[in-house]
Amino acid sequence: MNINGSGIYKIINITNGKFYIGSARNFRNRWNSHKYHLIRNQHENSHLQNAWNKYGENQFKFEIIEECPINTLLMREQFYIDLYKPYDNTIGYNILRIAGSSLGFKFSEESRVKMSVAKQGKKLRLGAILSKETKEKISIANKGKIRTKRNKRKNFNS
């Protein structure tokens, strides 16, 4: 198997046999990405992260299931998800039932609170649609400030 190739892979917990199924454009890069986030306790898949934390790095192995062209990755990943059902938490670590989709995924209450706190005090994105109340608050906050020519060009959309 070509470690620099594309296709479908499993991350297997050799202690309990549970696994995660995913697809990769480059197996080596994808495995390194998984390990990078898992080691830092920052992996997006909480099931896999919790198992990694519990069992340790040495209890996981990366296995190539099938090499396939990039344009068939999602179709082949879905085939293996349907076949092995790794979204069943007695079998595997996948959170989603559909390859490449976040359908059915819901953030925990704790995650929603963390995201809300993280967004507080952040600057607005360009093109954001603001409510009348928000525009009024911004107007009040900016009263008395000296505006440069450059800042005057940055008007909010009505």
Are [X] and [Y] in one and the same hydrophobic cluster, where Ile, Leu, Val, Met, Phe, Trp and Tyr link if side-chain heavy atoms are under 4.5 Å apart?
| X | Y | answer |
| --- | --- | --- |
| Met75 | Tyr87 | no |
| Ile39 | Leu48 | yes |
| Ile12 | Leu83 | yes |
| Ile21 | Tyr93 | no |
| Leu73 | Ile81 | yes |

For the student: nearest non-hydrogen atoms of Cys68 and Gly7, plus distance: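 Reported closest heavy-atom pair: SG-CA, 3.7 Å.
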With rounding to the nearest 0.5 Å, note down the distance linking [atom1] in [X] to [atom2] in [Y].
| X | Y | atom1 | atom2 | value |
| --- | --- | --- | --- | --- |
| Glu44 | Leu38 | CD | CG | 10.0 Å |
| Ile8 | Gln78 | CD1 | CD | 10.0 Å |
| Asn53 | Ser46 | CG | OG | 10.5 Å |

Exam field: side chain Arg30 to backbone Asn26, donor-acceptor pair closer than 3.5 Å: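 No, the answer is negative, given that no donor and acceptor are paired below the 3.5 Å cut-off.
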Backbone of Thr15 reached by a side-chain donor or acceptor of Asn13 within 3.5 Å: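 Yes, because the side chain of Asn13 sits within donor-acceptor range (under 3.5 Å) of the backbone of Thr15.
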A side-chain contact here means heavy atoms from C-beta on lying under 4.5 Å apart; do [X] and [Y] qualify?
| X | Y | answer |
| --- | --- | --- |
| Tyr20 | His47 | no |
| Trp31 | Ile3 | no |
| Ile91 | Tyr84 | no |
| Ile64 | Phe62 | yes |
| Trp52 | Lys35 | yes |
| Phe19 | Glu63 | no |
| Lys18 | Tyr55 | no |

Phe79 six-ring centre to Arg76 NZ/CZ under 6.0 Å and within 45° of normal: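 Flagged: Arg76 positioned over aromatic ring of Phe79.
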Chi angles and distances behind the side-chain contact (heavy atoms from CB on, under 4.5 Å) call for Glu67, Phe27: CA-CA 9 Å; Glu67 288 186 87; Phe27 292 119; 4.0 Å; yes
Centroid separation His34 to Tyr9 less than 6.0 Å: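 Yes, the ring centres sit under 6.0 Å apart.
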Side chain to side chain donor-acceptor pair (under 3.5 Å) assessment of Gln49 paired with Asn45: CA-CA 6 Å; Gln49 183 68 64; Asn45 183 312; over 6 Å; no
